[in-house]
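Counting starts at 1 for both ligands and their atoms, in listed order.
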Amino acid sequence: MIDINQMARIVDEAARSAKAIPQLSNKYSYTLDEAYAIQSASFQRRIARGEKQVGIKMGFTSRAKMLQMGLSDLVWGRLSDGMLIEDGGEISVKNYVHPRAEPELAFLLKRPLEGPVSSAEALAAVEAVAPAIEIIDSRYKNFKFSLEDVIADNSSSSGYLLGAWNDPTPDFSNLGMLLEVNGRPVQIGSSAAILGHPARSLAHAARLATQSGQSLNTGSIVMAGGATAAYALNHGDYVRNVVQKLGHVSFSVAS
Ligand code: OOG
Ligand code: MG
């Protein structure tokens, strides 16, 4: 028998102290359901410290991300208000193990989404869409993990940034997305790389959240997943995700 709370404490403390840990699967054998239970228990520790859940993030929704990490199943994680970094803000690498940035899109819901829904139904629940960046930071050594390990570790989620909210009515299914560092492109992609249409990611988010007894409510935020491979951050980087028609969002890494 594994101890869910004990494992949740291990990943939560690794995140808080920014110290890498060995993969949980080196020592324990556990299932996907148990991995999500560890994620939930670890997130509860954040809630107990006063953070609030604001939504969820999807992962491995693009080929580029699947290839980079060698995993091809969709994963999801939980987002808290405490994980939000202001647009234009600064982070410090010392608060992370080995942070990476991903160009993403975020959705804001205008009504709840529950259970299996089509992407058209998912889209109809969207109040607004924004250019976004996720900061992922696996707590595992060398950024290496099994599917269960990454899920237990909140699917590597560490922080997120939201740009200005846009009306979702104009078609955003194939917009250029450019991840720039210090003015130079480091990753170039399209919103179409996210499951062919980012609204599909939202539909999966609704299905998976409901399956786990989570709810996507009015006002929930859903991150659709990286459109390109993630970029490993360095001291002094100025990182910007520029999304055609939707605008941009940026942050700096202290030097
Ligand atoms: C897992 C998280 C993947 C995405 O956008 O695909 C993810 C990882 O790559 O560490 O956030
Ligand atoms: Mg991501």
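- The one candidate from K19, R49, R139 that meets the salt bridge (Lys or Arg N to Asp or Glu O under 4.0 Å) condition with D12 is R49.
- Of the protein's non-hydrogen atoms, K65 NZ, 2.8 Å is the one closest to atom 9 (O) of ligand 1.
- At a 4.0 Å cut-off, not a single heavy atom of M223 sits close enough to ligand 1 to count as contact.
- Here the heavy atom of the protein found nearest to atom 6 (O) of ligand 1 is F60 N, 2.8 Å.
- Salt bridge R111/E127: absent, no basic N to carboxylate O contact under 4.0 Å.
- Other residues, nucleotides and ligands place no more than 12 heavy atoms under 6.0 Å from the CD atom of E114.
- Of all the N, O or S atoms in E104, the one closest to the Mg ion (ligand 2) is OE2.
- Remark: the Q23 side chain and the S146 side chain contain no N/O donor-acceptor pair separated by less than 3.5 Å.
- Within ligand 1, the atoms closer than 4.0 Å to a non-hydrogen atom of G226 are 4 (C), 5 (O), 6 (O), numbered from 1 in the order shown.
- Atom OE1 is the N, O or S atom of E102 at the shortest distance from the Mg ion (ligand 2).
- Residue-level check: among N/O/S atoms of E134, OE1 sits closest to the Mg ion (ligand 2).
- Nearest to atom 2 (C) of ligand 1 among the protein's heavy atoms is S155 O, 3.2 Å.
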